[in-house]
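Residue numbering restarts at 1 for every chain, and letters A, B, ... go by the order of the sequence lines. These numbers were taken from a predicted model, which means no experiment stands behind them.
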Protein chains: 2
Amino acid sequence: MSIETLPLDKQLCFALYASSKEIAKAYRDKLAPHGITYPQYLILSALWDQDHRTVSEIGAELQLDSGTLTPMIKRLEEAGWVLRIRQKPDERRVYVDLTEKGKTLKDDAACAVAEIWSDLNLNEDTYHVLLNQLHSITAKLQKGDD
Amino acid sequence: MSIETLPLDKQLCFALYASSKEIAKAYRDKLAPHGITYPQYLILSALWDQDHRTVSEIGAELQLDSGTLTPMIKRLEEAGWVLRIRQKPDERRVYVDLTEKGKTLKDDAACAVAEIWSDLNLNEDTYHVLLNQLHSITAKLQKGDD
DNA sequence: TACAATTAAATTGTGCACAACTTAAAGTGA
DNA sequence: TCACTTTAAGTTGTGCACAATTTAATTGTA
């Protein structure tokens, strides 16, 4: 099987591109009334999972660098969702803490995006197969980075 | 199953985001020596599949609007991969035609990205399951747009 | 035929995402 | 202790991606 010469609609790279775009759009539409973007939602999700994390820790989870994260986190701070805290004993590190407002957004956001998944109506097996396969691809590609 | 409240690593939206980012990175690394970006590769792929298409047609296939495509196609033209042709009987339409240079890039690009897939080593069943599921998700979400 | 409505692409402004580079702080070794 | 190296975040420049708007061409209607 020679993947690279297939038409676009048979190429998995494009299927990934297209589906992630559509998911991003669906999330964007649901999250916009709450005042956050989808990538911001991902940052906040990482913090909802574990609050008080450095830029690098968030970056490690999301595979985003500080070039991307710093402006985003600054905007999240300006909007009142998080605080950026530089503190001893290592002042190079900036910790990102959820505000009360940021903590309460978790449930609102969850409700906002729930409809996407109920509409998609994936059965649980399919969901987990996809999840595991995509994680496997991600891991293999990241391993290939070194 | 309440997807929206799961930690990030159990959320399919993030798995899609992460895997498509990693694929994009892998492609970017392989295509950069040939002088094109991954999104440009997708445009060219659409043209390799069918040359002489309008901006809208390319946009329909890639689900990208002219706001995104116009600057990209202009850069592809500047680099000599395509020509932009506005012609009768409808001068609103701009056709995008591959140059000879653009046509010959197809094989070079295919060779460049082949290693990604051989390294990933997906078996054919897995490949097609993923492809079909992702297309299904994309289609359902696009249908929900209306 | 004239004008309103629609269409195709282009422009403008904003938010990512990345590579390369910079700044400041911390770590290391002589 | 000090010079050098490494680390964490921040900045700069570029290329997307999208929403809103504009421009120009075409179509539809009275």
Polar atoms only, N or O, under 3.5 Å: list the protein pairs with nucleotides 23-25 of chain C and their distances.
from   : atom 1 : to      : atom 2 : distance (Å)
C/dA25 : O3'    : A/Glu91 : N      : 3.4

Pairs under 3.5 angstrom, nitrogen or oxygen only, protein versus nucleotides 18-20 of chain C, please.
from   : atom 1 : to      : atom 2 : distance (Å)
C/dC18 : OP1    : B/Lys21 : NZ     : 3.0

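No contact: B/Tyr95 has no heavy atom under 4.0 Å from any strand.
Applying the side-chain hydrogen bond (donor to acceptor under 3.5 Å, both in side chains) test to A/Glu57 and every residue at least two apart in sequence or in another chain returns nothing. Shown here are the side-chain hydrogen bond (donor to acceptor under 3.5 Å, both in side chains) partners of B/Gln133, two or more places apart in sequence or in another chain: there are none. With sequence neighbours excluded, the residues forming a side chain to side chain contact (heavy atoms under 4.5 Å, CB included) with A/Ala15 are A/Leu12, B/Leu131, B/Leu134, B/His135, listed by chain and number. B/Asp65 meets the side-chain hydrogen bond (donor to acceptor under 3.5 Å, both in side chains) test with B/Thr68; sequence neighbours excluded. For B/Lys21, there are no side-chain hydrogen bond (donor to acceptor under 3.5 Å, both in side chains) partners, not counting sequence neighbours.
Among pairs with a residue in residues 44-55 of chain A, those fulfilling side chain to side chain donor-acceptor pair (under 3.5 Å) read A/His52-A/Asp97, A/Arg53-A/Glu61, at least two apart in sequence or across chains. For the ring-ring contact (aromatic ring centres under 6.0 Å, His included) condition, no pair includes a residue of residues 58-86 of chain B, sequence neighbours left out. For the salt bridge (charged side-chain N to carboxylate O under 4.0 Å, His left out) condition, the pairs that include at least one residue of residues 27-39 of chain A, sequence neighbours left out, are A/Lys30-A/Glu115.
Rounding to the nearest 0.5 Å gives a distance of 14.5 Å between OG of B/Ser19 and OH of A/Tyr17. Atom-to-atom distance recorded for A/Asp119:CG and B/Leu141:CG is 8.5 Å, nearest 0.5 angstrom. Between atom OG1 of residue B/Thr126 and atom CG of residue B/Leu120 there is a gap of 11.5 Å, rounded to the nearest 0.5 Å. With rounding to the nearest 0.5 Å, the separation of CG in A/Leu98 from CG in A/Leu44 is 6.5 Å.
For B/Ile85 and C/dA8, the CD1 to C1' distance is 17 Å, given to the nearest whole Å. The nearest whole Å value for the distance from the CG atom in A/Leu69 to the P atom in D/dT12 is 18 Å.
Counted within 6.0 Å of NZ on B/Lys140, heavy atoms from surrounding residues, nucleotides or ligands total more than 12; the atom is thus considered enclosed.
Nearest-nucleotide positions on DNA chain C for A/Lys88 and B/Thr70 put B/Thr70 closer to the 5' end.
Contact check of residues 72-83 of chain B against DNA chain D (heavy atom, cut-off under 4.0 Å) returns B/Met72, B/Arg75. Contacts between residues 35-53 of chain B and DNA chain D, counted as heavy-atom distances below 4.0 Å, involve B/Thr37, B/Pro39, B/Gln40.
Contact annotation: A/Tyr27 does not reach the phosphate of D/dC18 (side-chain N/O to OP1 or OP2, under 4.0 Å).
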